[in-house]
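What follows is one structure encoded as structure tokens, with my remarks underneath.
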Amino acid sequence: MSEAAVARIRFAFFRSVMALMLREMSTRYGRSPGGYVWAFAEPIGGILLMTLVFSLIARSPPLGTNFPLFFATGIVPFVLYNSTASSVGMAIRYSRPLLAYPGVTFIDAIIARFLLNALTQVLVGITLIALIILLYDVQVSIEYVICARALLMASAMGLGVGLLNCYLMSMFPIWQFVWSVLNRPIFLISGLFFVVDYLPENARSLLLWNPLAHPVMLMRRGVYDSYEAVYVSEFYVYSIALVLGALGMLLLHRYHRVILDEGI
């Protein structure tokens with residue numbers, strides 16, 4: 001294949017992904033006053049409200065002196081994972097009308113939704129933590145590289161789960177409701193309200209099997225210089241994400257024609 005042909009393929013891929021991203025932005029936020037601003041205002045408002053409620057319940061956090069910041073460092077990577085998994089999981093069902101065009105593939109739809117959601121949630125998380133630091137005048141020394149690694153872990157986990165769910169939700173629509181029920185307890189066991197390291201050994205060993213606890217711990221390591229997060233395993237999280245993502249892509253590659261032809 002010539003270099004010109006490769007360049008045309010790359011340009012077509014980039015154009016398809018950008019078009020799908022712009023379509024989702026316009027359909028989801030274009031009809032509302034304020035447009036894409038709501039992509040930030042809605043999750044930030046919800047997280048701030050949750051932070052306020054839980055700060056009234058537990059005024060003394062396990063790390064630092066400010067509970068809103070402690071809670072935010074846990075909820076930001078968790079929401080990034082959860083939102084990414086949900087967005088990628090619905091990629092084919094959401095973009096099915098456009099996948100009838102020969103220049104648009106299911107991979108384009110998945111990448112577009114993943115990039116738009118991940119970038120939006122990362123900016124939301126940065127804005128949220130910055131607001132808390134400014135409002136409460138919290139003195140912190142943030143290690144940005146470590147925080148970026150935590151967010152990358154959460155994104156990878158969301159992509160891996162989302163790819164497998166994309167197949168399951170497309171082939172079996174009821175799986176969307178089953179997954180919603182199964183995913184709820186993870187909110188309570190991912191270390192959002194506590195520090196996994198400080199739990200008794202039996203409980204800690206059990207919760208460390210939850211891959212979402214690791215980006216939460218690493219995120220807090222990047223914000224709190226007194227916290228070492230010695231139990232974080234990036235290899236474990238990326239291994240789980242890779243296995244789930246590879247299985248999801250294999251199934252989608254095998255059955256995406258069936259999904260599109262049957263219009264499930």
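Just so it is clear, the model here is predicted, and its values are computed rather than measured. These numbers come from the heavy atoms of this one structure, side chains and all, not from hydrogens, waters or symmetry mates.
- Hydrophobic clustering keeps Leu206 apart from Val230 (ILVMFWY residues linked when any side-chain heavy atoms are closer than 4.5 Å, directly or through intermediates).
- In this structure, Cys166 SG and Arg113 CZ are separated by 9.5 Å, a value rounded to the nearest 0.5 Å.
- Here the closest heavy-atom approach between residue Tyr227 and residue Leu63 is recorded as CG-CD1, 3.9 Å.
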Notebook entry, point to check: Step by step, would you call Val216 with Val76 a side-chain contact (heavy atoms from CB on, under 4.5 Å)?
Noted result: CA-CA 8 Å; Val216 171; Val76 164; over 6 Å; no

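- Leu131 is linked by a side-chain contact (heavy atoms from CB on, under 4.5 Å) to Ile44, Thr127, counting only residues two or more places apart in sequence or in another chain.
- Separating the CG atom in Leu251 from the OG atom in Ser170 is a distance of 11.0 Å, to the nearest 0.5 Å.
- For Val196 against Gly191, the heavy-atom pair with the smallest separation is CG2-CA, 4.3 Å.
- Evaluation of the side chain to side chain donor-acceptor pair (under 3.5 Å) rule for Tyr224 yields no partner, not counting sequence neighbours.
- Considering all non-hydrogen atoms of both residues, Leu208 and His214 come closest at O-NE2, 2.9 Å.
- Closest heavy-atom contact between Glu228 and Arg221: O-CD, 3.4 Å.
- Closest approach of Met169 and Trp179 over heavy atoms only: CE-CD1, 4.1 Å.
- Distance CD1/Ile129 to CD1/Ile126: 8.0 Å, rounded to 0.5 Å.
- Atom CG of Leu164 is separated from atom CE of Met249 by 12.0 Å, given to the nearest 0.5 angstrom.
- For the atom pair Gln139 CD and Thr65 OG1, the distance stands at 10.0 Å (nearest 0.5 Å).
- Take Ser83 and apply the side chain to side chain donor-acceptor pair (under 3.5 Å) test, not counting sequence neighbours, and it matches Asn117.
- With sequence neighbours left out, Val181 forms a side-chain contact (heavy atoms from CB on, under 4.5 Å) with no residue at all.
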Margin query: If you apply the rule side-chain contact (heavy atoms from CB on, under 4.5 Å), what do you find for Ile110 with Leu252, and how did you get there?
Written below: CA-CA 11 Å; Ile110 289 172; Leu252 287 171; 3.7 Å; yes

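- The minimum heavy-atom distance linking Leu207 with Ala213 is given by the pair O-CB, 4.0 Å.
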Do any side-chain atoms of residues 141-163 form donor-acceptor pairs under 3.5 angstrom with protein atoms, and if so which ones, sequence neighbours left out?
unit_1: Arg149; atom_1: NE; unit_2: Glu234; atom_2: OE2; d: 3.3
unit_1: Arg149; atom_1: NH2; unit_2: Glu234; atom_2: OE2; d: 2.4
unit_1: Ser155; atom_1: OG; unit_2: Leu151; atom_2: O; d: 2.9

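- Cluster annotation: Phe235 and Ile240 are assigned to distinct hydrophobic clusters (Ile/Leu/Val/Met/Phe/Trp/Tyr, side-chain heavy-atom contacts under 4.5 Å, transitive).
- Using cut-offs of 30° and 60° on the angle between ring planes, the pair Tyr167 and Tyr255 is tilted.
- Scored by the side chain to side chain donor-acceptor pair (under 3.5 Å) test, Glu201 finds no partners at all (sequence neighbours excluded).
- Hydrophobic clustering keeps Leu242 apart from Val232 (ILVMFWY residues linked when any side-chain heavy atoms are closer than 4.5 Å, directly or through intermediates).
- In this view, Val138 and Asn66, Leu69, Tyr136, Val140 satisfy the side-chain contact (heavy atoms from CB on, under 4.5 Å) rule, not counting sequence neighbours.
- Considering only residues two or more places apart in sequence or on other chains, Tyr231 meets the ring-ring contact (aromatic ring centres under 6.0 Å, His included) condition with none of them.
- Residue-environment remark: CG (Leu188) exceeds the threshold of 12 foreign heavy atoms within 6.0 Å.
- By the 30° and 60° cut-offs, the orientation of the rings of Phe67 relative to Phe70 is tilted.
- Here Phe78 pairs with Phe187 under the ring-ring contact (aromatic ring centres under 6.0 Å, His included) rule; sequence neighbours left out.
- With sequence neighbours excluded, no residue forms a ring-ring contact (aromatic ring centres under 6.0 Å, His included) with Tyr198.
- Within the structure, every pair that satisfies the side chain to side chain donor-acceptor pair (under 3.5 Å) test and touches residues 180-192, not counting sequence neighbours, is listed here: Tyr81-Asn183, Asn82-Asn183, Ser190-Asn210.
- Val178 and Leu247 fall within the same hydrophobic cluster, defined by Ile, Leu, Val, Met, Phe, Trp and Tyr side-chain heavy atoms under 4.5 Å apart, directly or through other members.
- Pairs of residues two or more places apart, or lying in two chains, never qualify as side chain to side chain donor-acceptor pair (under 3.5 Å) while including a residue from residues 238-250.
- Put simply, Trp175 and Phe177 are part of two different groups of oily side chains (I, L, V, M, F, W, Y) that touch within less than 4.5 Å, one to the next.
- To the nearest 0.5 Å, the span separating CG on Leu116 from OG1 on Thr120 amounts to 4.5 Å.
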